[in-house]
**Q** 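Here it is, the structure in full.
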Amino acid sequence: MITLAIHVEESHGSRVVLESGALQKSRHYLGHLGEHRKTALITDARVSALYLKPVMNALAIPASGLLVLEVAEGENSKSFSTLNELAGSLAQKRFGRGDLIIALGGGVILDLAGFLASIYMRGIRYISIPTTLLAQADVCVGGKVAVNHAGGRNLLGNFHHPEMVLVDPNFLKSLDERDLKSGLAEVVKAGIIGDETLFQLCETRLDDVLRHTMDQWDEIITRALRVKKRIIEKDEKEKDLRMTLNLGHTLGHALETATHFRLLRHGEAVALGMHAAALIARHRGLLSPRGLGRIRSVISTLLPDNAWKTTPNTTILDAMKLDKKKRFDRVPFILPKQVGEVATIWDVDRTEIAAALDEVKKHGPQDI
Ligand SMILES: NC(=O)c1ccc[n+]([C@@H]2O[C@H](COP(=O)([O-])OP(=O)(O)OC[C@H]3O[C@@H](n4cnc5c(N)ncnc54)[C@H](O)[C@@H]3O)[C@@H](O)[C@H]2O)c1
Ligand SMILES: [Zn+2]
């Protein structure tokens, strides 16, 4: 069992417990939930079908104290209307300040339920049980919670850290290949930002991961979370350093927006964004040819199919103008200097990005 304490200045932070089989021991980790307060478990339809029974058995919350709230699976549930419905359900059952939310699911559920917890009665406590690799290796720490809005992705958001995070890699056994690859993109990202050993693990074990024959989940997820922990403990509110966690995201978010959240998983868009960032870094002489080769070879396994490529560069570049990190009309680009080190660059221009996009469009899965 590995525990990670996330200390952040302006709030209480989180305690993360990571162990294969952690769910079975959740009573031990989480204490006797529901005995003195009401608990709402928020999940999506797919996770509910797969895991609601085992999770309820493991948590052993008395039925009288538990409200199960199920939303449709997918990014569309990260919306103001779903948030509104969930808040209505809590109010109807007279949830108060001392009550608790459990978020069970992938990044969509953690973002949605965490945001609800952050604003319901000015903030109530919540616990996260992430079930996708993306949520276990990235979303579950850092305290960023949000829903989408027509005006932009994650436009309505907050910082609110879960009191406790229970990471059980056994959930990953039922994850399909696309979602596994999507999560791996964030793991690779963490390696490039700040952990060469993690990147090497990706270089050598990716095939095993995709065949579900990999036995090093604990190490991989812990290393990815440690990179994020190091950064957010220094810069919780993204004044500066935390921006480096956005490697691949400046273009990635624009790609998701330009394809209307329909063609690309989050991690697939991030993989494309990291490819472009590596090309721009090489072009500027920041990254060596060998560094570019290593990054491209790992990313090539994670690339999506070709459907997104019909989206014109101008549409993608225009979507970038919505980036929340924009300052004085400039968007920050995180560029790799080598595996394990990145730099934040503010003067990457449209021509450079368009050239990188043209190159990225030449490649599909496994052909770099
Ligand atoms: N807050 C943050 O710091 C942060 C960071 C990165 C991404 N995100 C957000 O995370 C979201 C993407 O997360 P995601 O990829 O986990 O998406 P998701 O929550 O939609 O999950 C992907 C799919 O996997 C299914 N699923 C979940 N667990 C499963 C399991 N164990 N077995 C089988 N299927 C399972 C879900 O039902 C869903 O269909 C995006 O909205 C993104 O903005 C947030
Ligand atoms: Zn991300």
Side-chain angles (χ1 to χ4, degrees), residues 6 14 23 42-52 54-55 70-79 82 103-115 118 128-149 152-162 165 167-190 193 212 217 224-225 227-229 231-232 236 238 242-253 255-257 261 264-274 324 334:
I6 314 288
S14 309
L23 177 65
I42 300 178
T43 189
D44 76 24
R46 185 159 166 200
V47 176
S48 172
L50 286 165
Y51 293 112
L52 186 61
V55 168
E70 193 180 299
V71 304
E73 72 174 270
E75 188 74 26
N76 285 346
S77 284
K78 241 178 83 173
S79 68
T82 313
L104 172 73
V108 163
I109 293 297
L110 267 51
D111 276 5
L112 171 71
F115 186 47
S118 81
S128 292
I129 307 182
T131 60
T132 62
L133 177 57
L134 194 126
Q136 294 192 349
D138 186 4
V139 186
C140 69
V141 307
K144 275 193 183 178
V145 291
V147 296
N148 299 322
H149 183 274
R153 183 192 173 78
N154 297 325
L155 192 73
L156 307 172
N158 219 339
F159 289 93
H160 192 51
H161 295 262
V165 181
V167 179
D168 186 344
N170 282 343
F171 282 115
L172 306 182
K173 289 177 185 161
S174 54
L175 216 54
D176 66 29
E177 187 176 311
R178 249 187 114 179
D179 285 312
L180 211 47
K181 285 184 176 176
S182 177
L184 281 167
E186 297 279 13
V187 171
V188 168
K189 178 197 81 173
I193 293 171
H212 286 276
W217 276 130
L225 290 179
V227 170
K228 192 162 179 183
K229 169 183 154 78
I231 292 171
I232 59 171
E236 183 196 359
E238 202 166 74
R242 187 168 178 165
M243 267 187 224
T244 57
L245 289 172
N246 282 303
L247 170 66
H249 283 62
T250 309
L251 192 57
H253 284 155
L255 281 162
E256 286 182 281
T257 306
F261 298 100
L264 296 168
R265 294 277 203 278
H266 178 69
E268 291 174 337
V270 171
L272 293 166
M274 287 194 288
K324 291 195 295 299
I334 312 306

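Both counts, for ligands and for their atoms, begin at 1 and track the order of listing.
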**Q** Looking only at protein heavy atoms, which one is nearest to atom 29 (C) of ligand 1, and what is the separation?
**A** Leu175 CD1, 3.5 Å

**Q** Can you tell me how far CG of Leu245 sits from CG of Asp138, rounded to the nearest 0.5 angstrom?
**A** 7.5 Å

**Q** Under a 4.0 Å heavy-atom limit, does Asp138 contact ligand 1 with its side chain, its backbone, both, or neither?
**A** side chain

**Q** Examine the proximity of ligand 1 to Lys228 and report which part, side chain or backbone, both or neither, has a heavy atom under 4.0 Å away.
**A** side chain

**Q** When you measure from atom 24 (O) of ligand 1 to every protein heavy atom, which one gives the shortest distance, and what is it?
**A** Asp179 OD2, 3.5 Å

**Q** What is the nearest protein non-hydrogen atom to atom 12 (C) of ligand 1, stated with its residue, atom name and distance?
**A** Leu134 CD2, 3.7 Å

**Q** One thing to verify: whether Arg46 and Asp176 come together as a salt bridge, which I'm taking to mean a side-chain N less than 4.0 angstrom from a carboxylate O.
**A** yes

**Q** Where is the nearest protein heavy atom to atom 2 (C) of ligand 1: which residue, which atom, and how far?
**A** Val139 CG1, 3.7 Å

**Q** Which residue holds the protein heavy atom closest to atom 37 (O) of ligand 1, what is that atom called, and what is the gap in Å?
**A** Asp44 OD2, 2.7 Å

**Q** Where the side chain of Lys228 meets the backbone of Ala190, is there a donor-acceptor pair that is under 3.5 Å apart?
**A** no

**Q** Between Glu75 and ligand 1, does any nitrogen or oxygen pair lie at a separation below 3.5 Å?
**A** yes

**Q** Asn154 and Lys78: side-chain donor and acceptor closer than 3.5 Å?
**A** yes

**Q** Using a 4.5 Å cut-off on heavy atoms from C-beta on, say whether the side chain of Trp217 contacts that of Val167.
**A** no

**Q** Is it true that the side chains of Ser48 and Glu70 contain a donor and an acceptor less than 3.5 Å apart?
**A** yes

**Q** What's the shortest distance from atom 39 (O) of ligand 1 to any protein heavy atom, and which residue and atom give it?
**A** Glu73 OE1, 2.7 Å

**Q** Is there a donor-acceptor pair under 3.5 Å between the side chain of Thr43 and the backbone N or O of Leu104?
**A** yes

**Q** Name the option, out of Arg265, Arg153, Gln136, Arg46, that contains the heavy atom nearest to atom 42 (C) of ligand 1.
**A** Arg153

**Q** Hey, does His266 come in under 3.5 Å of ligand 1, counting only N/O atoms on both sides?
**A** no

**Q** Closer than 3.5 angstrom, by distance alone: can the side chain of Lys181 be matched with the main-chain N or O of Glu268 as a donor-acceptor pair?
**A** no

**Q** What are the atoms of ligand 1, with element, lying closer than 4.0 Å to any heavy atom of Gly106?
**A** 16 (O), 19 (O)

**Q** What do you reckon, does Val108 have a nitrogen or oxygen under 3.5 Å from a nitrogen or oxygen of ligand 1?
**A** yes

**Q** Do you know which N/O/S atom name in Glu186 is closest to the Zn ion (ligand 2)?
**A** OE2

**Q** Could you pull out, from Leu180, Leu50, Asn170, Thr131, the option with a heavy atom nearest to atom 28 (N) of ligand 1?
**A** Thr131

**Q** Does a side chain donor of either Glu186 or His249 reach within less than 3.5 Å of an acceptor in the other side chain?
**A** yes

**Q** Look at atom 9 (C) of ligand 1 and find which of Thr132, Asn246, Leu245, Asp111 reaches it with the closest heavy atom.
**A** Asp111

**Q** Carefully, step by step, assess Val55 and Leu23 under the rule side-chain contact (heavy atoms from CB on, under 4.5 Å).
**A** CA-CA 7 Å; Val55 168; Leu23 177 65; 3.9 Å; yes

**Q** Specify whether an N/O/S atom of Asp138 falls short of 2.8 Å from the Zn ion (ligand 2).
**A** no

**Q** Flag Phe171 as yes when one of its N or O atoms lies below 3.5 Å from any N or O atom of ligand 1, and as no otherwise.
**A** yes

**Q** Nearest to atom 10 (O) of ligand 1, what protein heavy atom do you find, and at what distance?
**A** Gly107 CA, 3.3 Å

**Q** Side chains of Val147 and Asp111: does their closest heavy-atom pair fall under 4.5 Å?
**A** no

**Q** If only side-chain N and O atoms count, and only distance matters, is there a donor-acceptor pair under 3.5 Å linking Ser174 with Tyr51?
**A** yes

**Q** Considering only the protein, which heavy-atom contact is closest to atom 32 (N) of ligand 1, and what is its distance?
**A** Ser174 OG, 2.7 Å

